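Okay, structure first, notes after.
Within every chain, numbering begins at 1; the chains are lettered A, B, ... in the order of the sequence lines, protein sequences first and strands thereafter. Everything numeric in this text was worked out from a predicted model, so none of it was measured.
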Number of protein chains: 2
Amino acid sequence: MSKEVPAIAEIVDLLSKKWVMRIIWELREGPLTFRELQVACEGLSPTVLNNRLKLLQVNQLLGKDDVRGYVLTAMGLELLEVYKPLNHWAKRWQANRKQK
Amino acid sequence: MSKEVPAIAEIVDLLSKKWVMRIIWELREGPLTFRELQVACEGLSPTVLNNRLKLLQVNQLLGKDDVRGYVLTAMGLELLEVYKPLNHWAKRWQANRKQK
DNA sequence: GGTTGCGCTACTTATTTAGTAGCGCTATAG
DNA sequence: CTATAGCGCTACTAAATAAGTAGCGCAACC
């Protein structure tokens, strides 16, 4: 069994790469093309976008749509669901900081 | 209302910085000193550790313990709770990838 | 007053991300 | 045809971020 990498460590590492979560987020409503993604991410450079798309495909969080662009896989969609509670927490956190 | 930064964006940005989540994770069981954190994070350089500690303090996710080292604030602990579902998802995700 | 361990800074190097130009391909229009 | 327009993407350079290593200033203890 040697040196199992804990799943949580692996995903935190992946999600820590810049733009990864943002790209997933932008695909929440359906497929987007390479250039649409670039625009959605405020002009993110094609270099990084391409790297991220490869990375996310290898990790099966997104794939190419039959018709056009990139789409989230079932796993990718689930990840978004899992992130929802974080959204709620984030709002309280933000409010909390502003008090001080 | 001008240019509100969505809370989720802000926190994703923060958590995307390397070692941030890891440091929070390592503090889950109680306070650790600067050097203990370095060891826990496998020799993470003091430069980055110090940066992250400042960042996390400003953002009220951790603070200095009265007695020794650094501890999570209430908000920091809550963030860990929120991350638990991600852990479960991550395990399924990892298993899923290995099949192929 | 010498030693030990602490939090931390200063400095250099390596890795990651950003920015910009433009290629090769396909599809549609003139 | 050919031309022109948009696409996914690569190549190259520059800037920002992180890693690595040495060691300082301070406090506690002997």
Side-chain angles (χ1 to χ4, degrees), chain A residues 3 5-6 8-73 76, chain B residues 3 5-6 8-73 76:
Chain A
K3 258 240 151 140
V5 181
I8 185 73
E10 226 179 318
I11 194 65
V12 164
D13 196 60
L14 179 61
L15 298 181
S16 287
K17 291 195 185 293
K18 217 165 171 183
W19 294 109
V20 163
M21 212 42 225
R22 174 70 175 270
I23 290 167
I24 293 173
W25 175 250
E26 295 296 348
L27 289 173
R28 84 202 101 101
E29 310 254 271
L32 291 176
T33 67
F34 192 96
R35 296 213 173 174
E36 283 166 346
L37 274 169
Q38 261 196 282
V39 172
C41 296
E42 295 150 46
L44 163 61
S45 73
T47 326
V48 176
L49 177 54
N50 194 28
N51 281 344
R52 294 302 178 263
L53 289 173
K54 279 177 186 161
L55 190 62
L56 288 169
Q57 277 175 291
V58 166
N59 286 289
Q60 313 203 9
L61 296 176
L62 60 81
K64 296 205 183 195
D65 189 70
D66 290 339
V67 185
R68 63 187 284 277
Y70 296 88
V71 248
L72 293 178
T73 60
Chain B
K3 256 230 154 158
V5 180
I8 186 72
E10 226 180 318
I11 194 66
V12 163
D13 195 59
L14 179 60
L15 298 180
S16 287
K17 292 199 183 290
K18 218 165 171 183
W19 296 108
V20 163
M21 213 39 225
R22 175 70 175 271
I23 290 167
I24 293 173
W25 175 251
E26 295 296 346
L27 289 173
R28 84 203 102 100
E29 310 252 271
L32 291 176
T33 67
F34 192 96
R35 297 212 172 172
E36 283 166 347
L37 274 169
Q38 261 196 282
V39 172
C41 295
E42 293 150 46
L44 161 61
S45 74
T47 325
V48 176
L49 178 52
N50 193 29
N51 281 344
R52 293 302 176 266
L53 289 173
K54 278 175 188 162
L55 189 63
L56 288 169
Q57 278 176 292
V58 167
N59 286 288
Q60 313 202 10
L61 296 176
L62 59 80
K64 297 207 182 192
D65 189 70
D66 290 339
V67 185
R68 62 186 284 277
Y70 295 88
V71 249
L72 294 177
T73 60

**Request:** Could you tell me the separation between the CG atom of A:L37 and the C1' atom of D:dC9, rounded to a whole number of Å?
**Result:** 14 Å

**Message:** When you measure only distances, ignoring hydrogens and angles, does the side chain of A:R35 come within 3.5 Å of the base of D:dG8 through a donor and an acceptor?
**Reply:** yes

**Prompt:** Hey, does the side chain of A:Y70 come within less than 4.0 Å of D:dC7's phosphate (OP1/OP2), counting only N and O?
**Reply:** no

**Message:** Whether the side chain of A:T33 and the base of D:dG8 hold a donor-acceptor pair under 3.5 Å is what I'd like checked.
**Reply:** no

**Asked** C:dG7 C1' sits how many Å from B:L53 CG, rounded?
**Response** 10 Å

**Asked** Whole Å only: how far is the NZ atom of B:K17 from the C1' atom of D:dA16?
**Response** 10 Å

**Asked** CD of B:Q38 versus P of C:dT9: gap in Å, rounded?
**Response** 13 Å

**Request:** Could you check how far CG of A:N51 sits from C1' of C:dT15, rounded to whole Å?
**Result:** 13 Å

**Prompt:** Can you check whether B:K64 has a side-chain N or O nearer than 4.0 Å to OP1 or OP2 of C:dC6?
**Reply:** no

**Message:** Output the rounded distance in Å from CG (A:L49) to C1' (C:dT20).
**Reply:** 15 Å

**Item:** Distance, rounded to the nearest Å, where B:I23 contributes CD1 and D:dA19 contributes C1'
**Value:** 14 Å

**Message:** Walk me through whether B:Y70 and B:L32 qualify under side chain to side chain contact (heavy atoms under 4.5 Å, CB included).
**Reply:** CA-CA 6 Å; B:Y70 295 88; B:L32 291 176; over 6 Å; no

**Message:** Under the side-chain contact (heavy atoms from CB on, under 4.5 Å) test against A:L27, which residue among A:L61, A:L37, A:L56 passes?
**Reply:** A:L37

**Request:** Have a look at A:R68 and say if it touches a base, only the backbone sugar-phosphate, or nothing, with a 4.0 Å heavy-atom cut-off.
**Result:** nothing

**Distance in angstrom units between B:L62 CG and C:dG7 P, rounded** = 14 Å

**Asked** Step by step, would you call A:L49 with A:I23 a side chain to side chain contact (heavy atoms under 4.5 Å, CB included)?
**Response** CA-CA 9 Å; A:L49 177 54; A:I23 290 167; 3.8 Å; yes

**Request:** Between A:K18 and A:E36, just flag the one whose closest nucleotide in DNA chain D comes earlier from the 5' side.
**Result:** A:E36

**Along DNA chain C (nearest heavy atom to each residue), the more 5'-positioned of B:F34 and A:E42** = B:F34

